[in-house]
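Here is the structure we will look at, set down as structure tokens.
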Amino acid sequence: QLQASGGGLVQAGGSLRLSCAASGRTFTKYTMAWFRQAPGKEREFVAAISYSGRGTFYGDSAKGRFAISKDNAKNTGYLQMNSLKPDDAAVYYCAVYRQPYYVSNPEVRRSSEYAYWGQGTQVTVSS
């Protein structure tokens, strides 16, 4: 199970940190990612971190503003979001890759490659 939290309402230019707590599947074995989906839009890749933690991947909208990380001891992943814009408003989902000890680009950017999903946390950015 994945439990996402940390969303909320923030002004443009502000910051939020999302958390994704996992049970059952540890992030030391599985690549995890964040996706987002705004109303009327397709689910969009935001960022991913490899099972080893040595590899990080970002979507174009996240580069330079967002940072993905994880704490293996807590089995929790994070998405630090800075300089938020109204276009960042969406439901953010964390996900775990379908197989352990695997990471490959561009597969890591595809939502179809992830088998386990959290319930989503809403991020709203006011202008």
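Because only heavy atoms are used, hydrogens play no part in the values below, and waters and symmetry mates are left out as well, while side chains stay in.
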Legend entry - Side-chain heavy-atom pair Asp71, Phe27 within 4.5 angstrom cut-off: no

From [atom1] ([X]) to [atom2] ([Y]), nearest 0.5 Å:
{"X": "Ile68", "Y": "Tyr58", "atom1": "CD1", "atom2": "OH", "result": "6.5 Å"}
{"X": "Tyr101", "Y": "Ser52", "atom1": "OH", "atom2": "OG", "result": "11.0 Å"}
{"X": "Tyr93", "Y": "Leu18", "atom1": "OH", "atom2": "CG", "result": "13.0 Å"}
{"X": "Gln119", "Y": "Gln3", "atom1": "CD", "atom2": "CD", "result": "4.0 Å"}
{"X": "Ser126", "Y": "Gln11", "atom1": "OG", "atom2": "CD", "result": "5.0 Å"}
{"X": "Thr76", "Y": "Met32", "atom1": "OG1", "atom2": "CE", "result": "9.0 Å"}

Looking only at non-hydrogen atoms, find the nearest pair between [X] and [Y] and report the distance.
{"X": "Val108", "Y": "Val103", "value": "CG2-CG2, 4.2 Å"}
{"X": "Val123", "Y": "Met81", "value": "CG2-CE, 3.8 Å"}
{"X": "Ala38", "Y": "Ala89", "value": "CB-O, 3.7 Å"}
{"X": "Leu79", "Y": "Ala47", "value": "CD1-CB, 4.1 Å"}

Within the distance-only criterion (no hydrogens, no angle test), does the side chain of [X] pair as donor or acceptor with the backbone N or O of [Y] below 3.5 angstrom?
{"X": "Thr31", "Y": "Ser50", "answer": "no"}
{"X": "Thr121", "Y": "Gly7", "answer": "yes"}
{"X": "Ser112", "Y": "Arg110", "answer": "no"}
{"X": "Ser104", "Y": "Glu107", "answer": "no"}
{"X": "Asn75", "Y": "Ala21", "answer": "no"}

Inset, instruction - Spell out, yes or no, whether Tyr78 and Phe66 are grouped together once hydrophobic residues are joined by side-chain heavy atoms under 4.5 Å, including indirect joins. - result: no

Inset, instruction - Report yes or no: is the cationic atom of Arg98 (NZ for Lys, CZ for Arg) closer than 6.0 Å to the six-membered ring centre of Tyr114, at no more than 45° off its axis? - result: no

Assess the side chains of [X] and [Y]: does a donor N or O sit below 3.5 Å from an acceptor N or O?
{"X": "Asn82", "Y": "Ser15", "value": "yes"}
{"X": "Glu44", "Y": "Ser61", "value": "yes"}
{"X": "Tyr92", "Y": "Arg36", "value": "yes"}

Legend entry - For Phe45, ring pair (Phe, Tyr, Trp, His ring centres under 6.0 Å) partners two or more places apart: Phe35

Inset, instruction - Kindly state whether the ring of Tyr102 and the ring of Tyr97 have centres lying under 6.0 angstrom apart. - result: yes

